[in-house]
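Just so it is clear, the values below take in all heavy atoms, side chains as well, and ignore hydrogens, waters and symmetry mates. Whatever order the structure lists ligands and atoms in, that order sets their numbers, starting from 1.
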Amino acid sequence: MTRRVLVFDTTLRDGEQSPGFSMNLAEKITLGRQLARLGVDVIEAGFPVASDGDFASVREIAREVRGPVIAGLARAVPADIDRCWDAVRHAARPRIHTFIATSDIHIEKKFGSTRDEILARAIEAVRYARGLCPDVEFSAEDAFRSDWDYLCRVVEAAIAAGATTINIPDTVGYAIPSEFGGLIRTIRERVPNIDRAVLSVHCHNDLGLAVANSLAAIQNGAGQVECTVNGIGERAGNASLEEVAMALKTRPALFLATTGVRTEEITRTSRLLVSITGIDVQPNKAIVGRNAFAHESGIHQDGVLKDARTYEIMTPESVGLTTAHLVLGKHSGRHAFSKRLETLGYELTKEQVASAFVRFKDLCDKKKEIFDEDLAALVEEEILAVPEVWGLEQLQTTSGTRAIPTATVVLRRGEETFQDSATGDGPVDAAYKAVDRITGLSGRLLTYAIKVAFEDRELAARAASTDIVESSVRAYLAAINRLLASTPGRPPAGDGPAAP
Ligand code: KIV
Ligand code: ZN
């Protein structure tokens with residue numbers, strides 16, 4: 001009989017905490033809404049005790065996103081659990097997810113503790129959390145490298161203390177599928193009260209086996225799988241949501257398990273994450289990579305034209321990759337435009353529709369055919385737009401093999417304009433230095449794809465212009481504006497000299 005496996009999405013927690021993937025509040029809420037549309041069962045919205053920003057985003061997602069259970073992470077200490085509860089309690093269905101490590105290496109080296117003490121702390125934490133919230137998940141961090149007898153004792157005690165979900169992480173991505181499946185089978189066989197909780201798995205991808213291990217766990221009875229969109233997460237990432245969901249959908253007779261994921265939303269969710277973080281997926285990534293459904297060789301193309309099933313085990317449509325069809329044009333009115341957005345699943349305010357419509361009309365002047373993809377990009381820019389603190393007014397650069405690269409930049413902040421000049425290693429460097437002199441901020445250019453760091457905060461941004469220098473400066477300003485939008489306390493300006 002086919003059973004339903006729960007999908008626990010941790011893109012906003014395990015995914016967001018990895019370098020380069022940080023998101024601001026508006027971005028998290030937008031992604032949270034899309035995850036709900038995708039049909040995940042649980043959204044882990046963050047780690048509330050980590051910072052005030054994390055707390056606020058978990059609380060806002062709990063308030064705003066309806067449908068899935070909203071979980072927050074907490075170490076096995078009362079202060080963390082209290083903070084987590086304060087954030088998630090606003091959800092229609094809140095969950096406290098508390099964890100403590102159970103492997104000897106973590107117990108001895110990280111905590112300087114003993115197995116008995118850790119067992120007692122796990123019990124206390126679960127009991128405490130259950131006093132606040134009826135839905136409590138307990139994770140035994142580094143479970144796979146733990147002594148399995150001890151792990152089974154911890155799991156049994158956590159369930160007896162009130163845990164409703166037990167999560168078994170392969171925290172360091174060390175397992176291979178046969179072993180990890182064996183661990184799940186062992187827990188099911190040896191823990192007498194295991195039927196009173198959902199048995200969950202959380203696999204990391206250090207050996208590239210996170211999805212394979214998760215599937216092996218499902219074959220051995222796991223009832224919940226923890227994963228992330230595009231497989232982002234600590235180090236090499238977590239199990240990729242889209243790969244797990246499509247494996248179950250493509251091989252139903254093998255797994256006898258389904259998920260509630262609306263797979264037609266997969267491509268849109270993946271692209272939304274890319275547009276928020278500025279970090280693309282590799283072209284050959286399964287399910288969502290640019291080449292995942294592209295057939296290059298003549299023999300393959302010939303086969304696909306005769307019957308797509310010769311080389312395709314899933315249809316592009318099943319993951320929401322539609323052959324883009326023309327939807328609207330320059331004669332379309334506002335009503336048709338907003339109706340189409342509704343069909344695409346966007347919930348925009350009246351003001352956002354009005355402003356998106358103006359940009360849609362501008363786009364119609366430049367581009368004859370407007371596809372759903374264009375609308376999605378346009379609307380996402382609208383929803384995700386951060387307030388523009390600094391805008392580019394004018395830019396002039398000189399460079400050449402014999403000239404010292406020099407840039408003069410005029411920026412606008414509100415009604416005021418500011419001008420400065422600088423020299424540098426090249427025109428882009430000179431222009432950035434001039435921007436730094438005006439804004440008082442100082443970013444290091446990390447890659448040419450415009451990923452800059454302000455102190456320890458990495459931000460990605462893009463801009464398009466046929467002038468490479470102008471494009472770079474616009475992207476750099478977009479990164480500055482994102483930085484200012486995500487750190488509300490930061491003063492918006494270092495007051496550079498005013499423009500004449
Ligand atoms: O990888 C891990 O062990 C975790 C836990 C906190 C669930 O992320
Ligand atoms: Zn993890």
Side-chain angles (χ1 to χ4, degrees), residues 6-19 21-22 40-50 54 58 69-77 80-81 83-84 87-88 95-107 109-111 118 121-122 125-126 129 135-146 148 150-151 154-155 158 163-175 180 183-184 187 197-211 213-214 217 222-241 244:
L6 300 173
V7 172
F8 176 115
D9 179 274
T10 183
T11 309
L12 290 167
R13 200 277 297 167
D14 217 325
E16 205 262 348
Q17 77 193 30
S18 54
F21 286 96
S22 59
V40 306
D41 299 283
V42 186
I43 294 176
E44 186 165 52
F47 190 9
V49 83
D54 270 57
V58 177
V69 169
I70 307 296
L73 186 66
R75 287 169 300 183
V77 289
D80 273 38
I81 295 170
R83 191 82 174 134
C84 178
V88 295
R95 173 178 297 184
I96 296 174
H97 175 193
T98 187
F99 74 102
I100 195 160
T102 51
S103 64
D104 286 339
I105 178 116
H106 279 237
I107 293 175
K109 304 291 176 202
K110 204 167 86 178
F111 298 123
I118 294 298
R121 280 181 61 183
V126 171
D135 185 345
V136 172
E137 173 166 332
F138 171 75
S139 281
E141 192 191 6
D142 205 15
F144 180 73
R145 291 195 302 166
S146 305
W148 289 11
Y150 173 65
L151 178 64
V154 175
V155 168
T164 46
T165 299
I166 292 290
N167 184 38
I168 305 297
D170 178 17
T171 301
V172 290
Y174 185 67
F180 197 66
L183 173 57
I184 298 308
I187 292 172
V198 172
L199 185 54
S200 168
V201 291
H202 175 113
C203 296
H204 278 271
N205 205 30
D206 298 67
L207 293 174
L209 294 170
V211 169
N213 288 338
S214 305
Q224 174 177 284
V225 61
E226 302 200 353
C227 44
T228 58
V229 176
N230 296 346
I232 70 169
E234 278 287 335
R235 306 181 308 280
N238 289 63
S240 137
L241 182 152
V244 171

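Among the atoms of H204, some N or O lies under 3.5 angstrom from an N or O of ligand 1.
Looking at S139 and N167, their side chains do bring a donor and an acceptor atom within 3.5 Å of each other.
When the heavy atoms of H97, E141, R13 are ranked by distance to atom 8 (O) of ligand 1, first place goes to R13. One option in S139, A74, A143 has a heavy atom closer to atom 7 (C) of ligand 1 than any other, and that option is S139.
By the neighbour-count criterion of 12 heavy atoms within 6.0 Å, atom OH of Y150 is densely surrounded, having more than that number from other residues, nucleotides or ligands.
Aromatic ring pairs are classed by plane angle as parallel below 30°, tilted from 30° to 60° and perpendicular above 60°; the pair F144 and F180 is tilted.
Here the heavy atom of the protein found nearest to atom 4 (C) of ligand 1 is H202 NE2, 3.5 Å. Ranking the protein heavy atoms by distance from atom 3 (O) of ligand 1 puts T171 OG1, 2.6 Å first.
A distance of 9.5 Å separates CD1 of I166 from OG of S200, quoted to the nearest 0.5 Å.
The existence of a salt bridge linking R13 and E226 is excluded, since no basic side-chain nitrogen approaches an acidic carboxylate oxygen closer than 4.0 Å.
Looking at D14, its N, O or S atom nearest to the Zn ion (ligand 2) turns out to be OD2.
Contacts between D14 and ligand 1, counted as non-hydrogen atom pairs separated by less than 4.0 Å, involve the side chain only.
Cation-pi geometry between R95 and F8 is not met: the NZ or CZ atom fails to fall both under 6.0 Å from the ring centre and inside 45° of the normal.
For a distance bound of 2.8 Å, the N, O or S atoms of E234 include none lying that close to the Zn ion (ligand 2).
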